[in-house]
Amino acid sequence: MRQVFVEKGIVVVKEVSQPLLDDHSVLVSVHYSCISSGTEIATIKNAQDSMLTNVPYKIKKVIESVVSHGFDGTKALIKSTLVGQTKVIGYSCSGRVIAVGSKVTKFFSGDLVACAGEGLANHADIICVPENLVAKVSAQEYLKSASLTTMGAIALQGIRRAQVQLGEVVCVVGLGLLGHLTVQLAKLSGCTVIGIDLIPERLASAKECGADYVYAADDEQLTADINFLTHHYGVDTTIITAASESDTIMQQAMEITRKKGKVVLVGDVGLHIAREPFYKKEIDFLISCSYGPGSYDASYEKKGHDYPYAYVRWTENRNMQAFIQLIESGKIKIDTLVSQETDLEDIVEAYEHIQKHKSLGIIVRYGKKSEATVRDFTVEPAVKALEFFEPQSVRFIPARKDTMRVGIVGAGSFAKIKLIPALAKINGVKISAIVDADVTNALSVTKLYGAAHALVNDQDLFKDDLVDVVVIASPHKFHYEQAIHALQNGKAVFMEKPMVTNLEQFSKLNDFLTLHPEMPFCVDYNRSFSPYMQKVKQAVVGRHAPMVIHYRMNAGFIPKEHWIQTDSGAGRIIGEACHILDLFCFLTDSKPLAVSVEALHSSNDDLFPTDNFSAQISFEDGSICSLLYTALGHSQLGKERMELFFDSKTIVMDDYTQLHGFGFPSTFHATTAFPDTGHEALLHEFFANIKKPVFKSPISLQRLNTVAELTLAIDTLACQGGGMKELIV
């Protein structure tokens, strides 16, 4: 399908994969989208200027990145910036629903709808939009006008924040598309409306849309004229819909607004203003947040959780519905605002036109081509039953070619900073495909590393012979499904931790790997491959007695809205503490027998027991290992520290930059500027072993299973507030 992007300030149309449908969203075949003169042109300009602005801040971020991620990770971030990010564009469109998610109840295939949302309601043949950002349109004849619903909802929210009343004088500053809609809505509210702008053509069209008076923003008599018009009281409310870095707009708004009046900011302007007008007039300054209540609330926008009608009368979705009703009742003029139309093929010229001629907006037509691009959207089970595959039908052929083709599934921050740069350095490895639910992210990383394919569905990796190895770095709950998909298609799998997020996944994956022990599979438990831990392992191999190991992770606070705290991440025990549990198994070379957990009890809902706990594990060889994991510490304290005691000796490791041995020769001590937690060593060993006649995993399946069961047990106990469990391993 076709989609519009911005690359280094240049508008381009690309052929990309159809977006994935999730449980709470609908797939829409777009018929019309709207280019606005404000937000989208600003997006393009920002993309052009981003490399030239705020240089001191960027230097500061580079220094911080070197400390956190080392030179390789920082180099990857800088290279990504220099190559340029691919960005989607568009945020208001209309069309027909072609599929709905399993938890969607408001829409059905065939419904005509208007869609909103930056990064969602894009200029594209097909879009995937959460149901709370979709509103029904009653008939085809209104579909074109309904493509402006996003701007209409924003304008409506500005009016609601202003709480305008019949007979008041309202001034609208900035007469772009949003300003024109605000003028009409204020007029419908029974107000006398004043319009202000710099462009004469916009002043004239605002007058046609119902403005009672219009003034040029640079008119020296503007304040005096408005004073005489309002009998020297000033306007009741000023609504700013302009987009400008200038502080003058806000200052002017204060001057023309009456004492105890209101200034409502809908647009984006400079806010360095003098205190005196605010103070003397006691003016109320209000911010209008996007389309209304629900904006930027992930539970509302992404999960479909509505606000109670009785308590939140006007949510962003109800604002969308209200605007569509105004269109269908003929109370809002649309044709005069965006009279020009263009086909998607000519959208680049449309952006040039809107920049040169100061048009309010342009409607983009998609015709019937979007329908033709719709692939089969029937949702199949994420993982086919294992019985479907006969044991002999799944096999991996060791690579004999010089280059191993790798597909990356999930191109998030960790993958871009750690995994992908490390992969790119391995001889004989070629990054061939990037899969990410965010197509812009997939395109950006593809361009950065010269990959041939940018995909949004991991199944597309297997339709053709695109890759030999799949590296999984997606949100944690998808690891198991994606690993099974890849393994069943005969691909080697390197999985960023964790292996599984629940016992059902563990059972099924273990069954598969037991049936196919020759399949190359490994989980990125890298700590044991770090140079320091390899050195520690050598030191404890000949010990005479059990060990006591204490490991502290000062993990840092992560808010409850972060994906790691949701079902996608499964929490920080499963997502991160598993690293240290694997390290315990590696150092003791023994099986855990029992685990005891104490978790933080707090009445605050932002403090999770899985973020703040202590786990004590007894091992078969008599060793005792404890993990203290907390999100309550200060960021300047190091993140990881291990103290190990055995045979009258002590080893202390700090953040993989310092290693000290007490009872050892001075040569045991080590210090390094940047931490090495073993990522590259593990990756090198995995890819080297793939090419051998018989694959031997860098981490045995038995150890992987032990770590998975131990991790799930600790997570369960922590969620229960603590407890003890004997392990059968």
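Computed from a predicted model, the values in this text were never measured in an experiment.
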> Could you give the distance from CG (Leu712) to CD (Gln505), rounded to the nearest 0.5 Å?
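Reported to 0.5 Å precision, the distance equals 9.0 Å.
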> Check whether Asp589 reaches the backbone of Cys585 with its side chain - one donor and one acceptor, N or O, closer than 3.5 Å.
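Not at all, since once roles are kept as given, no pair shorter than 3.5 Å links the two residues.
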> Are the side chains of Tyr449 and Ile434 in contact, using a 4.5 Å heavy-atom criterion?
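No - every pair of side-chain heavy atoms lies 4.5 Å or more apart.
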> Salt-bridge test for Glu496 and Lys418: reply yes if a basic N is under 4.0 Å from a carboxylate O, no otherwise.
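So Glu496 does not pair with Lys418 through a salt bridge.
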> Could you work out, with salt bridge (Lys or Arg N to Asp or Glu O under 4.0 Å) as the rule, every residue matching Asp524, not counting sequence neighbours?
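Asp524 satisfies salt bridge (Lys or Arg N to Asp or Glu O under 4.0 Å) with no residue once adjacent residues are dropped.
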> Go through Asp611 and Arg572 one step at a time and tell me if the salt bridge (Lys or Arg N to Asp or Glu O under 4.0 Å) criterion holds.
CA-CA 6 Å; Asp611 282 23; Arg572 298 175 83 179; 3.2 Å; yes
> Using a 6.0 Å cut-off, check whether atom NZ of Lys649 has over 12 heavy atoms from anything other than its own residue.
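For Lys649, atom NZ is crowded (more than 12 foreign heavy atoms under 6.0 Å).
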> Please confirm whether the backbone N or O of Pro675 pairs with a side-chain atom of Asp655, one donor and one acceptor, at under 3.5 Å?
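Such a contact is absent between Asp655 side chain and Pro675 backbone.
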> Can you name the closest pair of heavy atoms from Cys522 and Phe686 and give their distance?
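Looking at all heavy atoms of both residues, the closest pair is CB-CD1, 3.6 Å.
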> Angle class for the His660/His669 ring planes (parallel below 30°, perpendicular above 60°, tilted otherwise)?
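His660 vs His669 ring planes: tilted.
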> Look at the rings of His476 and His479 and say which category their plane angle falls in: under 30° parallel, 30 to 60° tilted, over 60° perpendicular.
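Aromatic pair His476/His479 classed perpendicular.
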> Decide yes or no for Cys719 and Asp715: does some side-chain heavy atom of the first lie under 4.5 Å from some side-chain heavy atom of the second?
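Of all side-chain heavy-atom pairs linking Asp715 with Cys719, at least one is under 4.5 Å.
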> Using every non-hydrogen atom in the two residues, find where Asp460 and Leu455 come nearest and quote the distance to one decimal.
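That closest heavy-atom pairing would be CB-CD1, 3.9 Å.
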> Looking at Arg405 and Asp468, is any side-chain nitrogen of the basic one under 4.0 Å from a carboxylate oxygen of the acidic one?
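Salt bridge present between Asp468 and Arg405.
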> Side chains of Met547 and Leu644, heavy atoms from C-beta outward: is any pair under 4.5 Å?
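Yes, side chains in contact.
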> Can you tell if the side chain of Ile408 reaches within under 4.5 Å of the side chain of Val445, non-hydrogen atoms only?
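A side-chain contact under 4.5 Å is absent here.
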> Looking only at atom types and distance, does a side-chain atom of Asn554 sit under 3.5 Å from a main-chain N or O of Leu637, one as donor and one as acceptor?
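Yes, because the side chain of Asn554 sits within donor-acceptor range (under 3.5 Å) of the backbone of Leu637.
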> Is a side-chain N or O of His453 found less than 3.5 angstrom from the main chain of Ala433, in a donor-acceptor match?
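No, because the side chain of His453 does not come within donor-acceptor range (under 3.5 Å) of the backbone of Ala433.
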> Determine, using ring centers only, whether Phe478 and His485 are less than 6.0 Å apart.
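Between Phe478 and His485, which both carry aromatic rings, the centre distance is not below 6.0 Å.
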> Can you name the closest pair of heavy atoms from Met642 and Val536 and give their distance?
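For Met642 and Val536, the tightest heavy-atom pair comes out as CE-CG1, 4.4 Å.
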> Is there a side-chain contact (heavy atoms from CB on, under 4.5 Å) between Leu423 and Phe687? Walk through the geometry before answering.
CA-CA 10 Å; Leu423 284 166; Phe687 278 93; 3.4 Å; yes
> Could you tell me whether the side chain of Leu632 reaches within less than 4.5 Å of the side chain of Leu600, counting heavy atoms only?
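Yes, close enough: below the 4.5 Å cut-off.
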> To the nearest 0.5 Å, tell me how far Glu561 CD sits from Lys302 NZ.
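Here the rounded value is 11.5 Å.
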> Does Arg543 pair with Asp621 as a salt bridge, N-O distance under 4.0 Å?
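So Arg543 pairs with Asp621 through a salt bridge.
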> Examine distances only and state if a side-chain atom of Ser614 and a backbone atom of Glu598 form a donor-acceptor pair shorter than 3.5 Å.
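The answer is no, because no donor-acceptor pair under 3.5 Å joins these two groups.
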> Is there a side-chain contact between Arg703 and Ser528 in this structure, where contact means two heavy atoms from C-beta onward sitting under 4.5 Å apart?
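Arg703 reaches Ser528 side chain to side chain.
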> Between Asp23 and Gly101 (side chain of the first, backbone of the second, donor and acceptor by atom type, cut-off under 3.5 Å), is there such a pair?
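Answer holds: no.
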> Hey, is the main chain of Asp654 close enough, under 3.5 Å, to the side chain of Thr657 for a donor-acceptor pair?
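Yes: the side chain of Thr657 pairs with the backbone of Asp654.
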> Within a 6.0 Å radius of atom NZ on Lys537, are there more than 12 heavy atoms belonging to other residues, nucleotides or ligands?
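Check passes, neighbour count above 12.
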> Indicate whether any N or O donor in one side chain lies under 3.5 Å from an N or O acceptor in the other, for Ser530 and Asp676.
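Per modelled atom types, Ser530 and Asp676 side chains form no pair under 3.5 Å.
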> Is the Lys NZ or Arg CZ of Lys497 less than 6.0 Å from the centre of Tyr525's six-membered ring, within 45° of the axis?
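So Lys497 doesn't make the cation-pi contact.
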> Counting only heavy atoms not in Asn427, do more than 12 sit closer than 6.0 Å to its CG atom?
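Not more than 12 within 6.0 Å, no.
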> Determine whether more than 12 heavy atoms belonging to other residues, nucleotides or ligands lie under 6.0 Å from atom NE2 of His544.
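Open: at most 12 neighbouring heavy atoms sit under 6.0 Å from NE2 of His544.
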> Would you say Lys535's side chain and Phe668's backbone share a donor-acceptor pair under 3.5 angstrom?
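Yes, Lys535 side chain to Phe668 backbone: donor-acceptor pair under 3.5 Å.
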> Can you confirm whether more than 12 heavy atoms, excluding those of Ile624, are under 6.0 Å from its CD1 atom?
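Check fails, neighbour count at 12 or below.
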> Please find the pair of heavy atoms, one from Leu727 and one from Leu710, that lie closest to each other, and give the distance.
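Here Leu727 and Leu710 meet closest at CD1-CD1, 3.6 Å.
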> Using the rule given for side-chain contact (heavy atoms from CB on, under 4.5 Å), can you reason through Phe586 versus Val707, listing the C-alpha separation, both sets of side-chain angles and the distance that settles it, and then say yes or no?
CA-CA 10 Å; Phe586 168 73; Val707 173; over 6 Å; no
> I'd like to know if the side chain of Asn502 and the backbone of Glu504 have a donor-acceptor N/O pair within less than 3.5 Å.
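Checking the backbone N and O of Glu504 against the side chain of Asn502, a donor-acceptor pair under 3.5 Å is found.
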> Restricting to non-hydrogen atoms, name the atom on Gly428 and the atom on Lys691 that form the minimum distance, rounded to 0.1 Å.
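Residues Gly428 and Lys691, closest heavy atoms: O-NZ, 4.3 Å.
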> Regarding Lys560 and Asp605, does a basic nitrogen lie under 4.0 Å from an acidic carboxylate oxygen?
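Here Lys560 pairs with Asp605 in a salt bridge, since their nearest N and O are under 4.0 Å apart.
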> Any non-hydrogen side-chain atom of Val467 less than 4.5 Å from a side-chain atom of Val406?
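No; the side chains remain at least 4.5 Å from each other.
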> Between CD of Gln616 and SG of Cys625, what distance do you get to the nearest 0.5 Å?
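Taking CD in Gln616 and SG in Cys625, the distance rounds to 11.0 Å.
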> Dump the intermediate steps for side-chain contact (heavy atoms from CB on, under 4.5 Å) on Asp511 and Leu515, then the final yes or no.
CA-CA 6 Å; Asp511 287 347; Leu515 279 173; 5.6 Å; no
> Can you find a pair of side-chain heavy atoms, one from Ile617 and one from Leu581, that are under 4.5 Å apart?
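Yes, close enough: below the 4.5 Å cut-off.
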> Could you tell me how the ring of Tyr629 sits relative to the ring of Phe613: parallel (under 30°), tilted (30 to 60°) or perpendicular (over 60°)?
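Geometry flag for Phe613 against Tyr629: parallel rings.
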> With no hydrogens and no angle check, is any side-chain donor or acceptor of Asn489 less than 3.5 Å from a backbone partner on Lys491?
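It does not hold such a pair.
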> Could you walk me through whether His679 and Phe414 pass the ring pair (Phe, Tyr, Trp, His ring centres under 6.0 Å) test, one step at a time?
CA-CA 11 Å; His679 287 288; Phe414 175 77; 5.3 Å; yes
> Would one find more than 12 heavy atoms of other residues, nucleotides or ligands at under 6.0 Å from atom CG of Asp567?
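12 or below, so no.
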> If you take all heavy atoms of Gln565 and Pro559, which pair is closest and at what distance?
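Of all heavy-atom pairs spanning Gln565 and Pro559, the closest is CG-O, 3.3 Å.
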> Take atom CD in Gln702; do more than 12 heavy atoms of anything else shown fall under 6.0 Å from it?
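No - once you tally the heavy atoms of other residues, nucleotides and ligands closer than 6.0 Å, there are 12 at most.
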> Please report the C-alpha distance between Ile573 and Thr711 in whole Å, then the side-chain angles of each, then the deciding distance to 0.1 Å, and finally whether the side-chain contact (heavy atoms from CB on, under 4.5 Å) criterion is met.
CA-CA 7 Å; Ile573 292 177; Thr711 301; 4.1 Å; yes
